[in-house]
Amino acid sequence: MKKSFRAALLASALTFAASPVLAQSATSVTLNGTTFTNQGLQGAGRLSASLRDKFGETFGSMSAMQIDLHSWRRNADGSYAGTLYALPDRGYNVANTTNYIPRYNVLSLTFTPYTGTAAAPQTQIGLTLRDTVQFTDDKGTPFSGLDPASAGTGLTYRPAAGGLPNLPLTGTGRLALDPEGFVRAPDGTIWVSDEYGPYIYRFTADGKLLSAIAPPASLLPQRNGALNFGAAESTPTNPTRGRQNNQGLEGLSLSPDGKTLWVALQSAAIQDLNASSTNTSRRNTRLLSYDISNSAAPVLKSEFVIQLPMFNNNGNPTGALNRVAAQSELLALNNTQFLLLSRDGNGYGSGATPNSSPTSFYRRIDLIDVTGATNIAGTAYDTGTSIAPNGVLVAAITPVQFASFVDMNDAAQLTKFGLVNGATNNVNCRTQCLSEKWEALALVPALDAAKLDDFFLFVGNDNDFVTQNGFQVGQAYRDASGVENDTMLLAYRLTLPTYVDPMATESQALTGAAIGQALGESALAANAAASADLTGRTQAIRAGLANRAEGSFELAAGGNWGALARDDQDGERLSKPESWSAGIAGDYAVSGTVRIGLALNYADTDGKFGNLGGAKVTAWGVGPYATLSLPGGVYADASYRYTDLKVEDIRRNTFAYNLTANGETKGKGHHVGVEFGSVATAGSLRYGPIVSFHYDRVELDAWNETSALHLNLDHADLAEQQLLFNVGGQVSTQIDMGNGRMAVPELRLGYQEDLIKDEGQTYTTILSNRRTSALARNTTILPDPQGDGFRAGLGLSLSVADNAGLYLSGDTLFVEDDKPDYTVGAGLRVGF
């Protein structure tokens, strides 16, 4: 920071200290039935115009910007921090364009909102440059900010090839780019709109060109019936069809769900205005949307007409509207509503001296809504037919809805931070006069639990690289105006009831269904644990350690512990539940071959979901069981259990803003188990086949999250089920321990398969504070719980008294392509 700049700021601060107390007021506007409120300007900050980027060249301000919402945090002291991506345009070019390499910058941003009433210095927003990334074409050659030119070939473009369309070309052979819009997608790739094309380019995070979207033919510049991207060296200077010079794709935004790219032409195409009165007739511009679900093959899906705002260029608030305010940025609030930044060309930097600033008559962030507007995509209007002959919109086209919202020229708001709109002979104009070009918008949540609809709107300027200490393309420069046009940010607090935070939809898509899946699997584990065969019940009967006599009665008690030790490599399962259970049962011998009983079980499951979160599931199970023993060693077991489920301490890591969502729910479960087998004997050896079916179903009630502010979700009812089929064999032997005591070790081997491949089950979540929005609902198909694999089990039955038997068991399921599950248990039977 230069000494003179620090001195100017100090002088401004002293002026602020002597300023009167100001009132903070809110203004509201209604669009399509919704009221939006501007809570006022709450911060300002700046960087020196002479700042240089990582490559030692003049920083160049912001034609577009985006705050990385993944990095956005609210600190304990009420301040905020995050990462800002800033896009300068084609370089310093007051006289001519230069061979500047287009790029984007990465900055650290801090923000401490100011809500006081006394005047304050412009120190609420702090910016620190961290990195600079240059853009290169598909071959790795840097782009250039030079105006497209023929280079003696007669063409101002590189012919289409390799999946890329005709691209603007400079006379030096490099692709031309005047970047104006910037979107960093969730996958890390970057979309950039430009004025030369007008095209939308897609780059890797390190700046290499991946693809390009060409607009409809009606927007491509033509001269003499041929495609021509040039300007200064072309004849006629302005195209005869398509975008006007320097009026390309100025606004670019991604829908909150990340599926639609929206882009707007800065003002009307040349065929849609009166060429003899451009400034008064360029009102009808175009808003286009592209489906980028498949980013490699975007599809134009809609095109609407925006009628840009008009103003009186003589400063008469009641005078005739005689100028059109071109738009400079677009920001999607949802799939139908947008913020639109439009302005005239007045302000600091457009004056004749560094001490003057022409008064701006229109500099606003307005609201538009495409609901009810005519979609002209794919019609004759895309091939050259005018939507507005001589600037008058054809009657068949309904434009988007419009409402004026944030007036950046509001004197009361500007005065609060020592700013003015327009000034003459002001020696502090650098720090007090609002600059000419404001072209960048970014929204972040206030993260205020009392005001979930409040967001901060950051607005950035484009300083055109104007400085007295510049350096670019290998040489120093100084602007002839004597102006030091600093990079500046303003921050407004807005209430936006229909804005859907992209991080909310991203978090919902990534974690909403995943938490439902993990809860369902944990509930299944709890249900199975609460329905586990009471060790020492039927096993002891088959081992010959239980009384088979008709009329005998026995009690059994036991417990189990199990862990489903899945890993996350396949991304199919996040839950790793650990369960323990305990229960008691009593059974009665109806005859020498049939025993019936009733069991009561309790299970506690710790649902571990890795970094996603977790939950606690408890279950009480009750139900009958029966065992049938037939001559020849044939047997059959059957059991049913009804379970009451309670799910508490649900924790969902939203992976956004350090927020964790919490909740609880309840439900019920059912278990049916059937096993058939045959036990043959050969001396002390017992062996035979086993076939079993185990059906578990859980039903969890709908539930709502808390604690995650506007990221809370409403979860739908969930039903999860499994039907496990096991086929295998068992082998055991009786070991005489003396005194009438026996030990029976047992080995079981088999294969298990889940017979219900429930791949079509859906799970729905809704953003709690945006229930009515089309973007609030997310429905996902859940993967089937894993259950196929080879099973091995060991058991040991011991007769510990004349009327008592102890059973120990261990079981392992070797799940296909995953880590194994483990279960161990112990039980005791006592006969009467």
When you compare the side chain of [Y] with that of [X], does any pair of heavy atoms fall below 4.5 Å?
X      : Y      : answer
Leu659 : Leu709 : yes
Thr643 : Arg641 : yes
Leu813 : Gln752 : yes
Val674 : Asp637 : no
Leu612 : Ile515 : yes
Val672 : Phe693 : no
Val106 : Thr83  : yes
Leu767 : Gln508 : yes

Please tell me whether [X] and [Y] have a donor and an acceptor in their side chains that are separated by less than 3.5 angstrom.
X      : Y      : value
Ser773 : Asn334 : no
Ser629 : Thr593 : no
Gln761 : Glu720 : yes
Asp717 : Tyr763 : no
Arg73  : Asn658 : yes
Thr780 : Asn778 : yes
Asp696 : His671 : yes
Ser552 : Arg595 : yes
Arg184 : Gln66  : no
Glu506 : His70  : yes
Asp701 : Thr665 : no
Tyr695 : Gln721 : yes
Asp587 : Tyr625 : yes
Asp714 : Ser768 : yes
Gln734 : Ser684 : no
Arg651 : Thr660 : no
Thr605 : Ser579 : yes

Salt bridge present between Lys616 and Asp606 (N-O < 4.0 angstrom): yes
Check ion pair Lys451-Asp453 (N to O, under 4.0 angstrom): no
Compare every heavy atom of [Y] with every heavy atom of [X], then report the nearest pair and how far apart it is.
X      : Y      : answer
Tyr80  : Pro445 : CE2-O, 4.1 Å
Ala661 : Glu705 : CB-OE1, 3.2 Å
Trp72  : Tyr657 : O-CD2, 3.3 Å
Ala626 : Ile596 : CB-CG2, 4.0 Å
Met503 : Phe655 : CE-O, 3.6 Å
Tyr588 : Gly551 : CE1-O, 3.4 Å

When the ring centroid of [X] is compared with that of [Y], is the distance short of 6.0 Å?
X      : Y      : value
Tyr642 : Trp620 : no
Phe814 : Phe790 : no
Tyr499 : Phe455 : yes

Under 3.5 Å: donor-acceptor pair, side chain of [X], backbone of [Y]:
X      : Y      : value
Asn712 : Ala708 : yes
Ser507 : Thr654 : yes
Ser295 : Ile292 : no
Thr505 : Pro256 : yes
Ser581 : Ala530 : no
Ser591 : Val594 : yes
Trp580 : Asn560 : no
Asn75  : Asp77  : no
Thr189 : Ala185 : no
Gln730 : Leu749 : no

Once rounded to the nearest 0.5 Å, what's the spacing between atom [atom1] of [X] and atom [atom2] of [Y]?
X      : Y      : atom1 : atom2 : answer
Ile756 : Leu723 : CD1   : CG    : 5.0 Å
Ile190 : Thr204 : CD1   : OG1   : 7.5 Å
Tyr687 : Ser732 : OH    : OG    : 11.5 Å
Asp454 : Leu496 : CG    : CG    : 8.0 Å
Glu746 : Leu808 : CD    : CG    : 12.0 Å
Ile650 : Arg652 : CD1   : CZ    : 11.0 Å

Check against side chain to side chain contact (heavy atoms under 4.5 Å, CB included), Thr511 and Asn653: CA-CA 8 Å; Thr511 66; Asn653 182 357; over 6 Å; no
Worked verdict on Met737 versus Met742 for side chain to side chain contact (heavy atoms under 4.5 Å, CB included): CA-CA 5 Å; Met737 300 176 62; Met742 287 189 301; 5.8 Å; no
CG/Asn739: more than 12 non-hydrogen atoms of other groups inside 6.0 Å: no
Side chain to side chain contact (heavy atoms under 4.5 Å, CB included) assessment of Leu700 paired with Val647: CA-CA 9 Å; Leu700 298 181; Val647 188; 4.0 Å; yes
His710/Leu447 under side chain to side chain contact (heavy atoms under 4.5 Å, CB included): CA gap, chis, key distance, verdict: CA-CA 8 Å; His710 64 293; Leu447 302 177; 3.8 Å; yes
